[in-house]
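Shown next, in structure tokens, is the structure this report addresses.
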Amino acid sequence: MIIGVVGTGVMGRGIAQLFVQSGHEVRLFDAEAGAAEAAYAAIMAMLERLAAKGSITAAALDAARPRLLVCASLPDLAGCAVVVEAIIEALAPKQALFADLEPIIGEAAILASNTSSLTVSAIAARCAVPGRVAGLHFFNPVPLMKIAEIIPGLRTDPAVIETLRALIAGTGHQAVTAADQPGFLINHAGRGLYGEGFRLVEENVSDFAGIDRIMRDGSGFRMGPFELMDLTGLDVSAKVMQSIFDQFQQEPRYRPSALTAPRLAAGLFGRKTGEGFYKYEDGLKVEPGEQRPPEAPPGITVFVQEGARRDELAARLVRAGASITHDSAAADIILLMPWGEDITTAALRLRLNPARCAGVDPLMQWERRLALMLSPATTPFAANAAHALLAADGSKVTVIADSPGFVTQRIIAMIVNIGCEIAQRGIARAAEIDPAIQLGLGYPAGPLALGDRIGPARIVQILETIQHITGDLRYRPSLWLRRRAMLGLSLLHEGQPR
Ligand SMILES: NC(=O)c1ccc[n+]([C@@H]2O[C@H](COP(=O)([O-])OP(=O)(O)OC[C@H]3O[C@@H](n4cnc5c(N)ncnc54)[C@H](O)[C@@H]3O)[C@@H](O)[C@H]2O)c1
């Protein structure tokens with residue numbers, strides 16, 4: 001196939017490299033003089049590096065050379081079956097480009113836009129044949145991020161979507177069809193981690209590094225929300241947050257944070273400016289030091305509240321030298337493992353003395369890290385003793401302030417809920433949501449599988465409890481989630497086609 005790539009910046013180069021490597025002829029065009037030539041040189045240098053490393057064969061490199069061409073003007077794209085635009089992210093230039101291309105390309109040729117935030121239907125609106133226009137959204141760096149979203153505009157011919165899906169499948173990337181809705185599938189799904197991360201810091205539950213450590217160590221995420229935003233750049237992430245919130249008509253689930261504006265004003269964008277949520281030295285993140293655990297006072301007696309991991313927690317405490325009592329009134333410390341509750345609410349519900357109560361998040365992978373949660377009434381003695389006992393065997397412990405659902409329950413429940421909402425809105429088929437999100441966002445599992453693993457009913461319980469305690473509608477469970485939890489069905493269950 002002959003494929004045109006217009007706009008040969010970061011994304012255009014990656015897209016061109018992917019298609020050339022997959023055996024297509026690729027024609028590069030950029031409005032800025034010399035830009036397409038620079039892209040050509042960069043792509044060739046990249047392919048040569050891959051050949052030198054043995055990632056591609058010398059024969060593949062030789063075959064690729066004549067397939068990549070630089071175009072001096074738009075009419076040179078005349079023979080293309082598909083033209084992908086990756087120009088500036090603004091509606092008018094994209095509409096103008098497609099209108100200019102229409103008389104040049106053949107009747108059956110496809111116009112694809114790599115837009116991340118504009119409406120595909122709007123980009124198509126000024127074309128004579130809007131049916132030939134679709135979104136084809138890649139992620140940076142294109143050759144390594146093995147996923148592309150294919151977005152039909154409201155007037156896109158279904159055959160165009162089939163052709164683009166086959167084209168993407170031929171590159172070895174995964175194709176996912178997503179509706180022409182704000183953030184499509186993957187950027188929409190990303191709201192859970194970022195949005196709830198910010199909410200936790202706004203509530204002073206922990207600091208940025210504390211939240212990241214809990215998500216990384218305790219939940220198996222490759223990176224926490226703030227490390228990730230430092231990588232993407234807060235300048236980019238903040239715009240996406242605001243745009244998705246506005247496009248969804250101020251839906252509270254996507255509410256951005258007041259913490260971003262001062263950071264943007266101060267130029268704390270992340271790695272690209274040398275400082276964001278973290279400082280960077282020689283390109284490496286400086287990890288802030290962690291609180292050292294206190295020494296455990298001897299002879300501590302602990303009451304551990306009933307729960308699925310009660311015996312496991314009690315055994316840890318005994319190994320650390322504590323004794324377990326079944327009389328809460330006789331205990332120095334009372335440890336709770338609530339779902340969706342904060343320690344204040346749980347202690348009062350259970351008629352336990354809040355001054356002696358602390359919580360341990362039952363959702364976390366304790367072999368890597370524990371979160372110890374304190375109520376405002378927890379005494380320093382109880383807090384220190386609990387911290388010392390949990391850390392006695394060298395385990396990492398993050399102490400957090402009272403939060404309904406700790407850190408992981410809140411963030412994961414939001415990720416699951418937004419994944420369910422994507423399914424409920426029909427933005428993508430349930431079966432395609434998880435693989436796309438795993439590839440696009442690097443999560444340990446997709447949101448629907450994560451929800452199934454924890455249990456849909458438990459996710460509903462967490463969300464409803466947080467909603468009850470905070471009064472915030474952002475936590476209301478998606479209908480997709482609520483119904484499947486009530487019916488005992490998997491979150492991947494589509495139901496009957498309409
Ligand atoms: N950078 C990302 O991570 C990312 C990810 C997904 C999608 N996108 C989208 O991809 C598109 C390109 O982003 P980028 O980061 O590669 O930008 P970029 O600034 O690196 O490159 C844009 C290129 O387009 C050229 N250009 C601008 N207007 C043009 C026109 N009218 N005709 C021809 N060429 C023109 C510029 O000269 C430049 O070379 C945007 O729509 C962006 O939203 C970016």
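Both ligands and their constituent atoms are indexed starting at 1 by order of listing. These figures come from a predicted structure and were not determined experimentally.
At the top of the distance list for atom 22 (C) of ligand 1, counting protein heavy atoms only, stands Ala86 O, 3.6 Å. Among protein heavy atoms, the minimum distance from atom 42 (C) of ligand 1 is reached at Glu89 OE1, 3.8 Å. Regarding atom 32 (N) of ligand 1, its nearest protein heavy-atom neighbour is Ala31 CB, 3.6 Å. With hydrogens left out, the protein atom closest to atom 3 (O) of ligand 1 is Asn140 CB, 3.4 Å, a heavy atom. Looking at atom 44 (C) of ligand 1, its nearest protein heavy atom turns out to be Met11 CG, 3.3 Å. Distance from atom 6 (C) of ligand 1 to its nearest protein heavy atom, with residue and atom name: Phe138 O, 3.2 Å.
An N or O contact shorter than 3.5 Å links Val10 to ligand 1 by distance. For Leu97, no nitrogen or oxygen atom sits less than 3.5 Å from a nitrogen or oxygen atom of ligand 1, counting backbone and side chain alike. Checking only distances, Lys94 does come within under 3.5 Å of ligand 1, N or O to N or O.
Taking the six-membered ring for Trp and thresholds of 30 and 60 degrees, Phe139 and His137 have ring planes inclined between 30 and 60 degrees apart. The aromatic rings of His24 and Phe19 sit perpendicular to each other, their planes meeting at more than 60°, with 30° as the lower class boundary. Relative ring orientation between Tyr443 and Phe221 is described as tilted, the plane-to-plane angle lying within the 30° to 60° band. Ring-plane geometry between Tyr254 and Phe248 is classed as tilted, the angle between the planes lying from 30 to 60 degrees on a 0 to 90 degree scale.
There is a side-chain donor-acceptor pair under 3.5 Å between Glu89 and Ser117.
The nearest protein heavy atom to atom 20 (O) of ligand 1 is closer than 4.0 Å.
Nearest residue to atom 10 (O) of ligand 1 from Asn114, Ile87, Val5 is Asn114 (criterion: closest heavy atom). Between the choices Gly7, Ala96, Gly9, the shortest heavy-atom distance to atom 18 (P) of ligand 1 belongs to Gly9.
Counting heavy atoms of neighbouring residues, nucleotides and ligands inside a 6.0 Å radius, atom CD of Glu367 exceeds 12 of them.
Within ligand 1, counting atoms from 1 as listed, the ones closer than 4.0 Å to a heavy atom of Glu32 are 37 (O).
Residue contacts with ligand 1: Phe139 is excluded, as none of its non-hydrogen atoms falls under 4.0 Å. Under a 4.0 angstrom heavy-atom cut-off, Asp30 registers as being in contact with ligand 1. Heavy-atom distances between His137 and ligand 1 reach below 4.0 Å in at least one pair.
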Worked verdict on Glu202 versus Ser257 for side-chain hydrogen bond (donor to acceptor under 3.5 Å, both in side chains): CA-CA 8 Å; Glu202 283 176 355; Ser257 170; 2.6 Å; yes
Run the side chain to side chain contact (heavy atoms under 4.5 Å, CB included) check on Glu85 and Phe98 step by step: do they pass? CA-CA 9 Å; Glu85 72 77 18; Phe98 280 3; 3.5 Å; yes
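Under 4.0 angstrom from ligand 1, the non-hydrogen atoms of Val6 all belong to its side chain.
Closest non-hydrogen pair, Asn417 versus Ser478, comes out as OD1-N, 2.7 Å.
Checked for salt-bridge contact, Glu290 and Arg213 meet the test: a charged N lies under 4.0 Å from a carboxylate O.
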Name each donor-acceptor pair under 3.5 Å that joins a side chain in residues 43-66 to protein atoms two or more places apart or in another chain, with its distance.
unit_1	atom_1	unit_2	atom_2	d
Glu48	OE2	Arg65	NH1	3.1
Thr57	OG1	Ala60	N	2.9

